[in-house]
Student: 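Mind having a look at this structure? Questions to follow.
Since the structure is predicted, the reported quantities are computational estimates derived from the model, not experimental observations. Proteins get letters first, then strands, A, B, ... in listed order; numbering begins at 1 in each.
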Amino acid sequence: MGKSEKTNPYLAHLLEDNHIESSSLNKYTGKPYSEKYYELLKVRKALPIYDKREEFLQLVKESKVVVLVGDTGSGKTTQVPQFFLEEGHLEKNKMIVCTQPRRVAAMSVSQRVADELDVPLGEAVGYTIRFEDVTSPKTILKYATDGMLLREAMSDPQLSRYSLIILDEAHERTLATDILMGILKTVVRQREDLKLVIMSATLDAGKFQDYFSRDPEHPLTVPLINVPGRVYPVEVYYTPEPEKDYLEAAIRTVIQIHANEPLGDILLFLTGEEEIEETCKRLNHDIPLLVKDSKPFRILPLYSSLPPNAQQRVFEPPPSNGRKIIVATNIAETSLTIDGVVYVIDPGFSKQKIYDPRVRVESLLVSPISKASAKQRAGRAGRTRPGKCFRLFTEQTFKKDLIETTYPEILRSNLANVVLTLKKLGVDDLVHFDFMDPPAPETLMRALELLNYLGALDDEGELTQLGKLMAEFPLDPQLSKMLIVSPQFQCSNEILSIVAMLSVPNCFLRPRDAQKKADAAKARFTHSEGDHLTLLNVYYAYKHNEEDPNWCYQNYLNYRSLKSADNVRSQLEAMMNKLSLPLVSTDFQSAEFYVNIRKALVNGFFMQVAHLESNGYYLTVKDNQVVSLHPSHGLDHKPTWVVYNEFVLTSRKYIRTVTEIKGEWLLEYASHYYELANFPVGEAKRDLEKLTIKNKKPRKQK
DNA sequence: GAGCACTGC
């Protein structure tokens, strides 16, 4: 047992450091440290952040909020919480939490820190992500997704379990991190026993400092600490003239690098799946033709909807004496890191979400990236040795045209869910809420209006009983409303399945080389009254076929999607039980089985309804947008009224996932929205008026 | 008659 102590060469040296346990027993487990602990300790002490340890601890002692800037490789994510622990700053029964924008990061970082502390994961160190809580009463350091900490705040707005909250990767400005910053700015001033550390890659540091210090009544001094990263230099090249066609330029650049530059993998950033698959095909065809005596190469596409085994291939070693050429979306900018990349090709574009509050539509648009993004992409070339980055735009463009940082998500999103969350967190005055970047007032108004129509907020903007329930669910407000009322329509089991299916990526596969077969497979599940009902059929069939991946494959269904829908469904079912919402079904033989489901749909989605006009097009109610049924629909006729799940703006305006409803139901379940006095003149209004008269007659006769 | 940047609860 004592062997490792005596023979360990690092031990004597360690004992000189007063902040490292001078006893050879691990204070968390009571056991002697393992060999691995000392090995990892040596690595830890070589991290750049280690030199800033005393400075950091001093600043945290003096200040409530500290901003820490550190590039990749500085070690901040793993070491900063440990500094705090070692110093014994943690109060009894309190914890440290460190947020991450992504689940995998929360999981892998917590495992690393558990190893460094020589403790089993889930005891002193753990993580919490959706569907998985690997913590215990012993846990004092927890890594969590930012969304998960936000959920916790909803039941404990002071986040009173924690005495240190670290928001990591704050520069990414996710919705959840932005909301957390907004509430923590107040909480940190209210709670004597709370410290806050904001960790970021260089760019926005000053902005975080300003934001947290600024307050008319309680200004704070927010110090900033800078930690160098550990990356290799990357030489950046620009094109002398702007490129007309970035795809052609990209292909040309790949070929030039492959022909002329020493070995080392190539990473090309493109915007989407189709573009990537096309380019891979072109490269496979062109390289052997254009490169004399080409070295071996392997072209690898990389995007999120690619099956996991195909994604994994980018991590395999390159062909012997050759190179990998990876053609990726933004997934390779932050989510996945591929060592061995030496050359980055950056055309300077990505698909970005934008929200237009006027038409209430979120859409994806190919847009120029920001300077910060371009720098991040370039950095991908310097992970293992010095690299090169080829920007397919001019230096002038970089300096003059690109914006500094990508607009935070909160400025590009529909905020219905954000507003519901903030209300639940007790924020009364949303218009004056201190957002780091305040969203457009119109976007907030749209969100308030939607929540008011759904009955989540009353006319004073107060959260209603229904709204409180809705906020409990990790769903868009329309979906949670529909789910909560579904027991009244005797179909909560079915709506649970539909909501789960709507919450995951599209489950229907349609490979380019088997489109007919895929369509035929889909036809077997199709319900002619609506796509929502088709989704229900698919879910049933998946369960009846014992969740078999092969069955999914044969039926052109995405197994990953269905499995995840099933997960979501279980989570929602548990919440329904917790909230005493009964799980009920209408008898399947009854004529009302599908009618009830469609009525429940109307209760959540009455604002997403389209009316068939005499010219054969659909017009969305109130917004009066001319739309077409998305070609993926399964209706066998064109119903007068449909609800839709999504408004898709591509080559045309489409409504996707549509189900037939009756006009009467709109008047019955959403009379406040369909009040005819405030309804825009048109065919939809005339149809509704006819229905009103028809409805009133029998009543008068009674 | 067509798509699906990326995350997260």
Student: With sequence neighbours left out, what residues match A/Tyr355 under ring-ring contact (aromatic ring centres under 6.0 Å, His included)?
Tutor: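 Not a single residue meets the ring-ring contact (aromatic ring centres under 6.0 Å, His included) criterion with A/Tyr355.
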
Student: What is the nucleic acid contact for A/Leu629, judged by heavy atoms within less than 4.0 Å: base, sugar-phosphate only, or nothing?
Tutor: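 Here A/Leu629 touches no strand at all.
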
Student: Please work out if A/Glu277 contacts a base, only the sugar-phosphate, or nothing of the nucleic acid, heavy-atom cut-off 4.0 Å.
Tutor: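 It contacts nothing in the nucleic acid.
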
Student: Would you indicate what A/Val366 reaches in the nucleic acid, counting non-hydrogen atoms under 4.0 angstrom: base, sugar-phosphate, or nothing?
Tutor: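 Since no nucleic acid heavy atom lies under 4.0 Å of A/Val366, the category is nothing.
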
Student: For B/dC6, does OP1 or OP2 lie under 4.0 Å from any side-chain N or O of A/Tyr303?
Tutor: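 Answer no for this pair, as no side-chain N or O of A/Tyr303 is under 4.0 Å from OP1 or OP2.
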
Student: Specify the separation, in whole Å, of atom CD1 of A/Ile410 and atom C1' of B/dC6.
Tutor: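 Atom-to-atom, A/Ile410 to B/dC6, this comes out as 17 Å.
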
Student: Can you check whether A/Thr650 has a side-chain N or O nearer than 4.0 Å to OP1 or OP2 of B/dA2?
Tutor: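 For B/dA2, OP1/OP2 do not have a side-chain N/O of A/Thr650 under 4.0 Å.
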
Student: NE2 of A/His171 versus C1' of B/dT7: gap in Å, rounded?
Tutor: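 After rounding, the gap between these two atoms is 13 Å.
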
Student: Mind checking A/Gln352 for me? I need base, sugar-phosphate or nothing, with any heavy atom below 4.0 Å counting as a touch.
Tutor: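 No contact.
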
Student: For A/Lys353 and B/dC4, what is the distance between atoms NZ and C1' respectively, to the nearest whole Å?
Tutor: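 One finds 15 Å between C1' of B/dC4 and NZ of A/Lys353, rounded.
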
Student: Rounded to the nearest Å, what distance is computed from the CZ atom of residue A/Arg652 to the P atom of nucleotide B/dG3?
Tutor: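 Taking atom P of B/dG3 as the reference, CZ of A/Arg652 is at 11 Å.
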
Student: Once side-chain contact (heavy atoms from CB on, under 4.5 Å) is applied, do any residues pair with A/Thr253, and if so which ones, sequence neighbours excluded?
Tutor: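 Listed in chain order: A/Ile257, A/Ile345, A/Phe390, A/Leu392.
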
Student: Please work out if A/Ile331 contacts a base, only the sugar-phosphate, or nothing of the nucleic acid, heavy-atom cut-off 4.0 Å.
Tutor: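 Contact class for A/Ile331: sugar-phosphate only.
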
Student: Any side-chain N or O of A/Arg173 less than 4.0 Å from the OP1 or OP2 oxygen of B/dT7?
Tutor: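 No, outside the criterion.
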
Student: First locate atom CZ of A/Arg412, then atom CG of A/Asn414, and finally report the distance between them rounded to the nearest 0.5 Å.
Tutor: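 Result: 13.5 Å between the selected atoms.
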
Student: Under 4.0 Å between a side-chain N/O of A/Thr145 and OP1 or OP2 of B/dC9, yes or no?
Tutor: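 So the side-chain polar atoms of A/Thr145 do come within 4.0 Å of the phosphate oxygens OP1 or OP2 of B/dC9, strictly under.
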
Student: Is a donor-acceptor pair below 3.5 Å formed from side chain A/Arg510 to base B/dG3, judging by atom type as modelled?
Tutor: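 Present.
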
Student: What's the verdict on side chain to side chain donor-acceptor pair (under 3.5 Å) for A/Gln111 and A/Tyr127, showing C-alpha distance, side-chain angles and the deciding distance?
Tutor: CA-CA 9 Å; A/Gln111 180 64 63; A/Tyr127 68 88; over 6 Å; no

Student: Contact class for A/Arg102 vs. all strands (heavy atom < 4.0 Å): base, sugar-phosphate, or nothing?
Tutor: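 The answer is sugar-phosphate, as A/Arg102 gets under 4.0 Å only of primed atoms, P, OP1 or OP2.
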
Student: Strictly below 4.0 Å, N to O, side chains only: are A/Arg282 and A/Glu278 in salt-bridge contact?
Tutor: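 No, no charged N to carboxylate O under 4.0 Å.
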
Student: For A/Phe508 and B/dC4, give me the distance from atom CZ to atom C1', rounded to whole Å.
Tutor: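 About 15 Å, once rounded to whole Å.
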
